[in-house]
Amino acid sequence: VSGLDLSALLQSAPLPVGRHASITTALVLYFVAVAAIAVWASRRTRTASDFFVAGQRLGVVTMGVAAMAATVSGFAFIGGPGLMYSVGLGALYIVLPLSFTAVLGAWVLARRLRLLAEVRPVATIPEAIAARYRSPVAQGVAALAIVIATVGYLATNALALGYVLAAALEISLPSAIWLGSAITLAYSAAGGILAGVYTDLFQGLVMATASVLMCGLVLRLGEGVGGLSPAILAADPSFLAPSGTLSPLPALSLFYVFGLGTLGQPHVIHKFYMVREPRQLRWYPLVMTIAMSLTMLVFVSVGLGVKALVSAGALPPLARPDTAMPMLLTRFAPPALAGVVLAGVAAAIMSSVNSFLNVGAAALVRDLPNALGRPFSRELRWARVATVGLAVAATGVASWSGSAVAFLGIFGWGLFASTLVPALALGLNWRGATGAGATASIAIGLIVTLALETLSYTKVFTVPAGVTPAAIALTLSLGTMFAVSWFTRASAAAELDDDVAAVIDA
Amino acid sequence: LLGVVAAGAAYILGATSANGPVAIGSMVVAIAGTVAGALLMGAERDVRARRARALSAALVAGVILIAFGFAFLAPAMAGPTGVLWLGLPPAAGLVVYGVGVLPLLALPLVYAAGFTNPAPSAPAESPVDERSS
């Protein structure tokens, strides 16, 4: 394997876990708990501030765990272990950057965004871009990129949640897709991000618990980490090479995109607005790092464990890599654990969907109208309408579009990274960044990502050396930001308002 | 800027020489440069915060350069040795424990130690426009 297509990150096939009373019970209990939290939080959602930034009254633990839950989708539980089984340690280049991304986000964005919310009425990421550059055009282009990526993300996650519910409840896939979306939509539309973060907190705890339990099961089966490697090395030494079966350059490109790209994920970084006081951010990296580390144990351990079991002859070779988790659950885990893990998968998907619905609705209701100079009145009502519209559109795409849903899903992470990282990360830390540079970098990121991913998906053109298109797009958009800002440097000082300059210097 | 230029060079070299050592080396420099550059961006007045940022950047850039450099570019690390480092072959162990674990243990504490309580630099307004609620 020379490279890795990001479409490999999508859950796009049924889960063969079988029906069992314990699994159904665990899922029902999970949904009851989510519903109870959502009802409690929804009653406290009275304003647009509650809907978009949780009233700016979150503690750092709630915010950190919610950020983790929004970051981690069902991929960590199903697609990730399958990818690990398939390409060995090369899959780790998606999760290795976790060792520094929380601190990177905290140093580069967290304080700046939270302080910006002290001096400006910002609630969305495009609004931060507009405030920084005094540029409605940059805000509009950023919002457009968010809407495009959000619809793709939502459709793929609706499909993934459908597979989980179809497997656990033994209902048809279309019914499962609409059921899962309806449950998530109910609290997303009623309670906005306020309901979202408190359900995220619970969902994050379920995810971490499921991950730790699965890691424990693997270590018990393999008699520790040291017991797993010899069997794998005897059967397939390349699996434990530094980049597994991937070539080094594509593996390093994944590391680059998933490391820097975290600075452009709006569903995660807009949570920086939500903490009660900026000083609480001191412990954000610690909370986020612990939460992410525990939750991603499942990604590493299950792929490694199943490979070792297959290598030792204890399991037959997998027909499809993404059956690694279901295979382990059905062969070795007690049904109650399988139920907790499936609840964890559902939690991971729903927490991401909720956050995407919120940032997508904000882009439609706040950013695009404001960029066009026609702000909405009755914003809370329209935010709920937009949330319903986005969910219905994405669920419809997931139900009826066939393979197009996988095509839409590949745009998510890379599109956010290439469009938002330069404008935000450079803009909030460098006085020399200009509005023209930001607008150009967002546009280049959008165009290059859409073009390269489309050409790659349709196999018309593949980036040489197996490099992911998102890495090329991110590099080009960063380079564009530097170059255009340099050429338009005469306007840099004039575009920077005093209060925003004070945030940059704080 | 150095990191972005190095990344561009890595991809151009990668397109012409696949996974040659110069392309891989450029990409390693690109990653170390962009991440360290991002960590160092932004002017902070507080000396303690500046030191913490510099320490974080040095740690991340150091482990990336050393771990990836040895794992991919040092021939002695590439071959099978029979020795395992905490359950992994040496080259893989260097990457997993060096890049994946070491910063994870140290950086959040370095950040907390260097954190300064920022005060709003301008008169506070309503945090979110409530006009439409």
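Each chain gets a letter, A, B and so on, in the order its sequence line appears, and its residues count up from 1. Basis for what follows: all heavy atoms, side chains included, without hydrogens, waters or symmetry-related copies. Here the structure is a predicted model, which is why all the values come from computation and not from measurement.
Annotation: side chain of B/Val110 is not in contact with side chain of A/Val103 (no heavy-atom distance under 4.5 Å). The shortest distance between side-chain heavy atoms of A/Leu252 and B/Ile31 falls below 4.5 Å. Between B/Leu107 and A/Pro285, every side-chain heavy-atom pair lies at or beyond the 4.5 Å cut-off. With contacts defined as side-chain heavy-atom distances shorter than 4.5 Å, the pair A/Leu286/B/Tyr111 does not qualify.
Proximity to chain B (any heavy atom under 4.5 Å) is shown, for A/Leu116, by neither the backbone nor the side chain. Using a 4.5 Å cut-off between heavy atoms, B/Ala106 makes no contact with chain A at all. The contact between A/Phe100 and chain B is made by backbone and side chain atoms together, counting heavy-atom distances below 4.5 Å.
Few gaps surround CZ on B/Arg48; more than 12 heavy atoms of other groups in view lie less than 6.0 Å from it.
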Inset, instruction - Take B/Thr116 and A/Arg111 through the side-chain hydrogen bond (donor to acceptor under 3.5 Å, both in side chains) test and state the conclusion after the steps. - result: CA-CA 10 Å; B/Thr116 53; A/Arg111 273 166 40 110; 3.3 Å; yes

Inset, instruction - Carefully, step by step, assess B/Leu88 and A/Leu240 under the rule side-chain contact (heavy atoms from CB on, under 4.5 Å). - result: CA-CA 7 Å; B/Leu88 291 173; A/Leu240 293 178; 4.1 Å; yes

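For B/Phe68 and A/Tyr93, the ring centers sit closer than 6.0 Å to each other.
Taking CG of A/Leu109 as the start and CE of B/Met41 as the end, the distance is 8.0 Å to the nearest 0.5 Å. Put simply, CZ on B/Phe72 and OG on A/Ser247 are 10.0 Å apart, with the number rounded to the nearest 0.5 Å. Between A/Leu260 atom CG and B/Thr34 atom OG1 the span is 4.5 Å, to the nearest 0.5 Å.
Summarising the geometry of B/Ala49 relative to A/Trp107, their closest heavy-atom pair is O-CH2, 3.8 Å, with the distance given to 0.1 Å. When every heavy atom of A/Trp283 is checked against every heavy atom of B/Ala112, the shortest pair comes out as CZ3-CB, 3.4 Å. The two atoms that bring B/Ala38 and A/Val108 nearest to each other are O-CG2, 3.2 Å, heavy atoms only. Taking both residues in full, the closest heavy atoms of B/Phe115 and A/Pro278 are given as CZ-O, 3.5 Å, listed atom of the first, atom of the second, then distance.
Interface with chain A: from residues 55-64 of chain B, residues B/Ser56, B/Val60, B/Ile64 qualify, criterion being any non-hydrogen pair under 4.5 Å.
Considering only heavy-atom pairs separated by less than 4.5 Å from chain B, the leading option among A/Pro237, A/Ala383, A/Ala106, A/Ala425 is A/Ala106. For the set A/Leu474, A/Leu104, A/Val287, the entry with the most heavy-atom pairs within less than 4.5 Å of chain B is A/Leu104. When each of A/Ala501, A/Ser293, A/Ala471, A/Gly259 is checked for heavy-atom pairs under 4.5 Å with chain B, A/Ala471 comes out on top. Looking only at heavy-atom pairs under 4.5 Å with chain B, the residue among A/Ala241, A/Pro97, A/Ser243 that has the most is A/Ser243. Across A/Ile472, A/Leu98, A/Ile290, the residue that shares the most heavy-atom pairs under 4.5 angstrom with chain B is A/Ile472.
The backbone N or O of B/Val99 lies less than 3.5 Å from a partner atom in the side chain of A/Ser99, making a donor-acceptor pair.
Scanning for side-chain hydrogen bond (donor to acceptor under 3.5 Å, both in side chains) contacts around A/Thr475 gives A/Tyr256, with sequence neighbours left out.
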